[in-house]
Amino acid sequence: MLEGKLALVAGVANRRSIAWAIAQALHAAGARCAFTYQGERLEKTVRELAASVDSDVVVPCDVRSDADLDRAFGEVAAGLGGLDILVHAIAFAQAHDLQGRFVDTARDDFWLALDVSAYSLTAMARRAEPLMAARGGGSIVTMTYLGGERAVPRYNVMGVAKAALESSVRYLAADLGPANIRVNAVSAGPVRTLAARSIPGFATMEEMVAERSPLKRNIDAADVAKTAVYLLDAENVTGTIAYVDAGYHAMGM
Ligand code: NAD
């Protein structure tokens with residue numbers, strides 16, 4: 001489906017990462033992947049995973065740093081020979097902000113969550129634009145959660161960041177559409193990953209989905225990857241959010 005496409009996958013921390021499931025699905029669809037990772041701690045794991053999908057384009061990138069982003073996009077473009085696809089699966093909030101009350105969020109912690117989890121999409125899209133435009137267009141996908149639309153207990157500032165991320169998807173789609181670059185998001189139900197484990201009450205989120213969603217079950221990272229690949233491939237779909245949550249978002253109670 002994506003034979004010969006050149007993809008940058010940002011957000012692999014380990015084999016449970018949603019980004020890793022997407023990378024595997026991209027590889028299976030014929031795309032060639034490059035990876036960015038955050039910090040030396042993750043390098044070995046990400047290099048090993050990348051090798052298993054025949055990739056050796058693996059570069060560090062902390063999305064809080066413009067210099068890092070510039071260098072990483074340069075290295076990825078050189079390593080792949082261009083860019084058609086960007087997968088953004090990055091988020092962070094201080095652990096203490098994912099408990100207690102949202103109203104108590106400190107200014108610095110608010111900006112940190114919004115910077116890493118929302119602004120980073122725009123920062124990456126801006127750097128991807130000329131590379132994708134040079135190849136006649138491209139496609140970007142990011143990851144969001146229902147907590148961006150509804151007040152989900154303890155999701156707190158991450159919900160506000162997801163709201164900003166979802167709005168960014170629409171504005172980026174409007175800006176980049178004329179260059180034939182599409183921007184979409186997957187709104188995933190709970191998936192057991194490193195980031196998810198830092199949300200207190202995560203098990204309750206899973207229980208609620210199993211009990212109340214129309215399909216009465218949870219989803220996994222491979223389900224998210226399937227929809228991400230669909231969005232990356234769907235040539236007339238942009239500015240949209242696709243729910244992969246067993247239908248949970250459709251329910252009122
Ligand atoms: P994960 O912990 O595997 O991935 C999060 C990634 O963000 C990690 O690779 C981490 O290194 C990266 N990251 C954090 N701060 C960074 C920074 N400053 N610079 C560069 N990278 C940074 O967890 P995941 O669940 O796979 O998360 C991926 C995305 O999916 C996130 O946006 C998350 O909010 C979203 N999501 C997850 C779930 C879920 O239940 N797991 C549900 C809906 C949406």
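Note that these values count all heavy atoms, side chains included, but never hydrogens, waters or copies made by symmetry. We're numbering straight along the sequence, starting at 1. What you see is a predicted model, and the numbers here were worked out from it, not measured in a lab. Ligands are counted one by one from 1 in listed order, and the atoms in each one are counted from 1 as well.
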Is L165 reachable from I241 through a run of hydrophobic residues whose side-chain heavy atoms are each under 4.5 Å from the next?
no

Residues R182 and D233: closest non-hydrogen pair is NH2-C, 3.7 Å

Is the closest basic N to carboxylate O distance between E166 and R170 below 4.0 Å?
no

For ligand 1, protein residues within the heavy-atom limit of under 4.0 Å are G11, V12, A13, S17, I18, Q38, L42, C61, D62, V63, R64, A89, I90, A91, F92, V116, M143, T144, Y145, K162, A188, G189, P190, V191, T193, L194, A195, A196, F202

Taking all non-hydrogen atoms of both residues into account, name the closest pair between N156 and D97 and its distance.
ND2-O, 3.1 Å

Just verifying a value: how many Å separate K162 NZ and Y155 OH, rounded to the nearest 0.5 Å?
4.5 Å

Are V58 and L80 in one and the same hydrophobic cluster, where Ile, Leu, Val, Met, Phe, Trp and Tyr link if side-chain heavy atoms are under 4.5 Å apart?
no

